[in-house]
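Comments concern the structure below.
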Amino acid sequence: MVHLFRTSLGVMALAAAAFGAGGGAQAASGPFLAHQALYDLSLVKSRSNSINSARGRILYNFTGSSCEGYTSEFRQVSELDSGEGKITLSDLRSNSWEDAAGKSYRFKIETRMNEADAGRVDGSAERDGDHINVKLKLPAPKNFTLDGKIVFPTEQIQRIIAAAKDGKSLLELSVYDGSDDGQKVYNTLTVIGQPIPADRTASPDASTTDEHMKSLKRWPVTVSYFDRESQQKEGEQTPVYAMAFELYENGVSRQLVLDYNDFVISGAMGKFDARDSKPCN
């Protein structure tokens, strides 16, 4: 179970983009809102009865603009109780920057499990024609290339919004975010539901009552993440992880559901603060 949770924590660094990132090479859908959001985590169900309870929080800060790029700061602290006094405490911290054209990406990720030493990833990626050059400093110095069709996390979310506005229900993308050991690429399948009008809110939270959000429509979205290497070698079609949420047209997300296969956690927005962004000159 700990191995599964460690893997899913790595995916959470990628998922952080869904908590408010915008941008990408096709960023024609309008400005994205700089903000801070706090999500309270709780256990929805445990499919294998391996988890008795879960609690935690996600704190997310998103700043930037199309001219200076986008910065995402993400922290998830979680406590899992698997019974008989077995508690797993995890602390994931991620800081990344991506330029608005989706050409440059920098990332630092730190994962700590219980009292063990933190695992760290530090690197950068630059798009160059039909490929991407990746340079890792941690966990060990390494340079390698990736297929140029792969996108970074903020561009992933922008493309989901663009597809939703075009009325599309499915979107397939390969995504690199630097998680795990800095060499992992995920294939993703996004399912987009029918738009939800601004005036329809079944369960109000801090986002639905904010003045910046009241007039915006949103879409129910589910993104499944597949290990790209396993798919290529074994044809494996079981997702490592899936995340469902309601995605606003300005990039903000609410009503999170994080599916780690063995168990499912919900993330209710407990706090939301819109922030000012510097306008482009």
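Only heavy atoms go into these numbers, but all of them, side chains included; no hydrogens, no water, no symmetry mates.
Taking the side chain as every heavy atom from C-beta outward, Ile196 and Glu246 approach each other to under 4.5 Å. Under the 4.5 Å side-chain criterion, counting only non-hydrogen atoms from C-beta, Arg218 is not in contact with Glu249. By the 4.5 Å heavy-atom criterion applied to side chains, Leu41 and Arg57 are not counted as neighbours. For the pair Asn187 and Glu172, the minimum side-chain heavy-atom distance is 4.5 Å or more. For the pair Ile109 and Leu92, the minimum side-chain heavy-atom distance is below 4.5 Å. Residues Leu171 and Ile160 meet the side-chain proximity criterion, which asks for heavy atoms closer than 4.5 Å. The shortest side-chain heavy-atom distance between Ser96 and Thr71 does not fall under the 4.5 Å cut-off. By the 4.5 Å heavy-atom criterion applied to side chains, Leu170 and Ile192 are not counted as neighbours.
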From CA spacing to verdict: side-chain contact (heavy atoms from CB on, under 4.5 Å), Tyr176, Val151: CA-CA 6 Å; Tyr176 175 78; Val151 301; over 6 Å; no
Would you check, one step at a time, whether the test side-chain contact (heavy atoms from CB on, under 4.5 Å) holds for Leu80 with Phe263? CA-CA 10 Å; Leu80 296 182; Phe263 58 96; 3.8 Å; yes
Working note: Tyr186 + Phe226, criterion ring pair (Phe, Tyr, Trp, His ring centres under 6.0 Å); need CA distance, chi angles, decisive distance, verdict. CA-CA 5 Å; Tyr186 289 97; Phe226 301 83; 9.6 Å; no
Any chance you could lay out the side-chain contact (heavy atoms from CB on, under 4.5 Å) test for Tyr60 and Ser72, step after step, and finish with the verdict? CA-CA 7 Å; Tyr60 184 72; Ser72 300; 2.8 Å; yes
Run Phe74 and Ile58 through side-chain contact (heavy atoms from CB on, under 4.5 Å) and show every step you take. CA-CA 7 Å; Phe74 170 86; Ile58 291 172; 3.4 Å; yes
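With sequence neighbours left out, the side-chain contact (heavy atoms from CB on, under 4.5 Å) criterion links Val77 to Arg75, Leu89, Asp91. Legend: residues meeting side-chain hydrogen bond (donor to acceptor under 3.5 Å, both in side chains) with Ser65, ordered by chain and number and at least two apart, are absent. Applying the side-chain contact (heavy atoms from CB on, under 4.5 Å) rule to Arg120 yields the partners Glu110, Arg112, Ala118, Leu138; only residues at least two apart in sequence or on another chain are considered. By the side-chain hydrogen bond (donor to acceptor under 3.5 Å, both in side chains) test, Thr209 pairs with no residue at all, sequence neighbours left out. Considering only residues two or more places apart in sequence or on other chains, Asp210 meets the side-chain hydrogen bond (donor to acceptor under 3.5 Å, both in side chains) condition with His212. With sequence neighbours left out, the side-chain contact (heavy atoms from CB on, under 4.5 Å) criterion links Glu126 to Ser104. Not a single side-chain hydrogen bond (donor to acceptor under 3.5 Å, both in side chains) links Glu68 to another residue, sequence neighbours left out. With sequence neighbours left out, the side-chain contact (heavy atoms from CB on, under 4.5 Å) criterion links Lys214 to Glu211.
Sorted by first and then second residue, the salt bridge (charged side-chain N to carboxylate O under 4.0 Å, His left out) pairs with a member in residues 45-55 read Arg47-Asp259, Arg55-Glu79; sequence neighbours excluded. Contacts classified as salt bridge (charged side-chain N to carboxylate O under 4.0 Å, His left out) and involving residues 182-198 (residues at least two apart or in different chains) are given here: Lys184-Asp227. Residue pairs meeting the ring-ring contact (aromatic ring centres under 6.0 Å, His included) criterion with at least one member in residues 137-158, sequence neighbours excluded: Tyr105-Phe152. Here salt bridge (charged side-chain N to carboxylate O under 4.0 Å, His left out) pairs that include residues 140-149, with residues two or more places apart or in two chains, number zero.
Taking CG of Asn250 as the start and CD1 of Ile161 as the end, the distance is 7.5 Å to the nearest 0.5 Å. Atoms CG and OG1, on Leu247 and Thr222 in that order, are 11.5 Å from each other to the nearest 0.5 Å. Residue Thr208 holds its OG1 atom at 12.0 Å from CG of Leu216, rounded to the nearest 0.5 Å. A distance of 12.5 Å separates CZ in Phe272 from CG in Leu38, rounded to the nearest 0.5 Å. Atom CD1 in Ile51 sits 8.0 Å away from atom CD1 in Ile265 (nearest 0.5 Å). The NZ atom of Lys271 sits 13.0 Å away from atom NE2 of His35, with the distance rounded to the nearest 0.5 Å.
At distances below 3.5 Å, at least one donor-acceptor pair connects side-chain atoms of Asp99 with backbone N or O atoms of Gly102. The backbone N or O of Gly182 sits nowhere less than 3.5 Å from a side-chain atom of Asp180 that would complete a donor-acceptor pair. For the pair Thr188 (side chain) and Leu173 (backbone), a donor-acceptor distance under 3.5 Å is present. Under a 3.5 Å cut-off, the side chain of Asp177 and the backbone N or O of Ser179 do form a donor-acceptor pair. Put simply, the side chain of Asp122 never gets that close to the backbone of Leu136: no donor and acceptor are under 3.5 Å apart. In terms of modelled atom types and a separation under 3.5 Å, the side chain of Asn114 and the main chain of Ala116 share no donor-acceptor contact.
Pairing each heavy atom of Arg228 with each of Ser174, the nearest pair is NE-OG, 3.6 Å. Heavy atoms only, all atoms of each residue included: Ser215 and Ala198 are closest at C-CB, 3.5 Å. Ala274 and Leu33 get closest at one heavy-atom pair: CB-CD2, 4.1 Å. Listed here is the closest heavy atom pair of Ser66 and Ala100: O-CB, 3.1 Å.
With hydrogens and angles left out, the side-chain atoms of Asn133 and Thr145 include no donor and acceptor closer than 3.5 Å. Side-chain polar atoms of Tyr70 and Thr63 form no donor-acceptor pair below 3.5 angstrom.
Transitive grouping of hydrophobic side chains (ILVMFWY, heavy atoms separated by less than 4.5 Å) keeps Trp97 and Ile150 in distinct clusters. Taking hydrophobic clusters as Ile, Leu, Val, Met, Phe, Trp and Tyr residues chained together by side-chain heavy-atom distances below 4.5 Å, Leu59 does not share a cluster with Val252. Leu43 and Tyr39 fall within a single hydrophobic cluster, where Ile, Leu, Val, Met, Phe, Trp and Tyr are joined by side-chain heavy atoms under 4.5 Å apart, directly or via other members. By the rule that hydrophobic residues join a cluster once side-chain heavy atoms approach within less than 4.5 Å of another member, Tyr225 and Val264 end up as members of separate clusters.
Ring-centre distance between Tyr260 and Tyr241: below the 6.0 Å cut-off.
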